[in-house]
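Values below: all heavy atoms of this structure, side chains included; hydrogens, waters and symmetry mates excluded. In what follows, chains carry the letters A, B, and so on, assigned in the order in which the sequence lines appear, proteins first and then strands, with residues in each chain numbered from 1.
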Amino acid sequence: MSIVGLIDCNNFYASCERVFEPNLIGKPIVVLSNNDGCVIARSQEAKQMGIPMGEPFFKVKYLQREGLVVRSCNFPLYGDMSNRVMTCLSHFIPDVEIYSIDEAFLKLKGLEHLDLRAYSLNIRQTVLDWTGIPISIGIARTKTLCKIANKIAKNEPRRGGVEVLLSRGELHYGLATTPIGDVWGIGRRWAHKLKGDGIHYALDLANAPERWVRQKMGVVGLRTALELRGTACLAFEEETPDKKTICVSRSFGEMLESREDLEEAIKTFAMRAAEKLRRGKLVACQICVFIRTNAHRDELKQYRASQTLSLEYPNDDSRLIVQTMLKALRHIYRKGFQYKQAGVFLLELIPKSKATPSLLVPVDEKATPLMQALDHLNKRFGEGSVNVGQCKKTRHWYATRNFSSPRYTTCWQELPKVR
DNA sequence: TCTGGGGTCCTAGGACCC
DNA sequence: TCTGGGGTCCTAGGACCC
């Protein structure tokens with residue numbers, strides 16, 4: 001029988017902001033999405049003020065008068081803090097599956113003899129000491145049960161941030177007190193439907209007949225139900241699987257009309273996507289570009305379109321990718337609309353090592369070293385330092401970021417000052 | 001005035017093949 | 001009455017996650 005742990009950083013983005021601004025501890029904080037659009041993270045205090053996840057910022061703006069602290073999202077900082085937390089975990093456990101920026105599963109097989117609670121409390125304290133980030137740890141037989149354990153660890157202060165759900169009694173308690181909508185894999189839609197069938201808690205789904213679940217919810221639902229019963233259906237991922245698509249998209253700070261402005265944006269997205277591609281040692285067979293107007297503005301003319309094009313051969317060359325994406329943009333661009341959002345996809349990704357070069361197009365020997373140099377320079381001097389072709393200085397499409405914190409840990413100019 | 005940006009997996013249905 | 005019986009591939013759409 002497997003044993004899995006799940007660590008989850010508490011209110012991660014808000015906690016990151018607090019590490020470098022300790023005076024924010026105890027205050028309600030929200031972190032906003034790109035463009036300061038909506039709330040994507042809340043501190044405990046902000047949750048208690050009743051601010052929902054995903055709430056548009058303009059609806060909670062007034063709460064600043066009541067002490068709400070607001071920050072624009074600062075992903076360089078969060079990414080770096082995440083690395084620190086994950087590195088810290090790997091000092092304890094060799095098998096760590098990084099699940100998201102603020103979550104990781106731990107393979108605890110072979111550690112059954114330990115006092116897992118005491119062990120976890122030690123991990124928790126060490127992460128806090130080394131990084132300043134508070135975490136919660138849930139331990140159970142399956143990933144789905146770990147999620148439940150973790151939530152209990154987080155929500156019930158007397159657990160000290162750690163919950164172990166292994167004994168019959170512990171499990172029963174965990175399942176019986178978890179509303180069905182809080183189960184991992186059960187979204188809003190399913191929660192609503194299941195309640196109609198009298199399934200209100202995780203325990204009800206765990207006890208439902210297998211055939212009924214299979215018929216009603218398909219294999220995905222069945223997996224969830226089995227996981228709740230302690231049968232592991234979701235494997236521990238030893239190594240991160242290769243990405244299948246890469247997407248870079250943004251909504252703009254102000255709406256764009258001119259083709260030049262859109263080209264500028266698409267070019268920047270294409271560059272970033274190509275860089276992600278090379279970092280993953282992948283090549284793409286297809287690209288896609290989409291543009292759209294602001295769907296929230298009924299009074300304006302609406303238009304949305306996308307264009308997918310094949311690359312001549314599987315490729316990771318920024319020059320070709322940018323060129324092809326600009327070509328796709330020209331196909332779909334229509335004058336006279338106010339564009340609010342655009343983005344690019346790289347599709348049909350395959351490992352570079354497995355890609356077959358084109359028979360017809362000669363291999364560009366210089367491409368790989370050139371791209372390496374490009375990535376190196378951009379890493380050293382900051383994103384966008386070196387580009388393909390020209391880049392205009394005036395970037396109308398830059399996102400609005402009115403509440404930014406500095407990149408404390410990833411930019412020399414923005415290091416925190418001690419005195 | 002102001003509403004995120006990434007991803008994954010599954011299913012159903014159609015086209016097409018032998 | 002009864003309209004084969006396999007299969008593959010592709011796409012669109014739905015649902016979910018953080």
Inset, instruction - Please list residues of residues 97-108 of chain A whose heavy atoms come under 4.0 Å from any atom in DNA chain C, ordered by number; otherwise none. - result: A:Y99, A:S100, A:D102, A:E103
Legend entry - Close residues, residues 179-188 of chain A, relative to DNA chain C [heavy-atom separation under 4.0 Å]: A:V183, A:W184, A:G185, A:I186, A:G187, A:R188
Inset, instruction - Answer with base, sugar-phosphate or nothing: what part of the nucleic acid does A:Q341 contact at a heavy-atom distance below 4.0 Å? - result: sugar-phosphate
N/O donor-acceptor pairs under 3.5 Å from side chains in residues 174-187 of chain A, not counting sequence neighbours:
from	atom 1	to	atom 2	distance (Å)
A:T177	OG1	A:Y173	O	2.8
A:T177	OG1	A:G174	O	3.4
A:T178	OG1	A:G174	O	2.6

Inset, instruction - Dump the intermediate steps for ring pair (Phe, Tyr, Trp, His ring centres under 6.0 Å) on A:F403 and A:F57, then the final yes or no. - result: CA-CA 12 Å; A:F403 312 97; A:F57 174 52; 5.6 Å; yes
Atom pairs under 3.5 Å, N or O on each side, protein against nucleotides 8-14 of chain B: can you list them with distances?
from	atom 1	to	atom 2	distance (Å)
B:dT8	OP1	A:K244	N	3.0
B:dT8	OP2	A:T245	OG1	3.1
B:dC9	OP2	A:K244	NZ	2.9
B:dC10	OP1	A:R223	NH2	3.0

Inset, instruction - List in numerical order all residues of residues 28-36 of chain A for which some heavy atom is under 4.0 Å away from an atom belonging to DNA chain C. - result: none
Inset, instruction - Check whether the side chains of A:S306 and A:R292 place a donor and an acceptor atom closer than 3.5 Å, and report yes or no. - result: no
Legend entry - Position toward the 5' end of DNA chain B (nearest nucleotide), A:K61 or A:C247: A:K61
Inset, instruction - Could you summarise the pairing of DNA chain C as dot-bracket text, marking Watson-Crick and G-U pairs under 3.5 Å with ( ) or [ ] inside the strand and | across strands? - result: ....||||||||||||||
Inset, instruction - Would you check if A:R278 and A:D375 make a side-chain contact, meaning some heavy-atom pair closer than 4.5 Å? - result: yes
Inset, instruction - Hey, could you give me the SG/CG distance between A:C146 and A:D8, rounded to the nearest 0.5 Å? - result: 11.5 Å
Inset, instruction - Using the P atom on both, measure B:dT3 against C:dC18 and round to a whole Å. - result: 25 Å
Legend entry - cation_pi(A:K340, A:F252) dist<6.0 Å, angle<=45: no
Inset, instruction - Answer yes or no: does a side-chain N or O of A:R250 lie under 4.0 Å from OP1 or OP2 of B:dG6? - result: yes
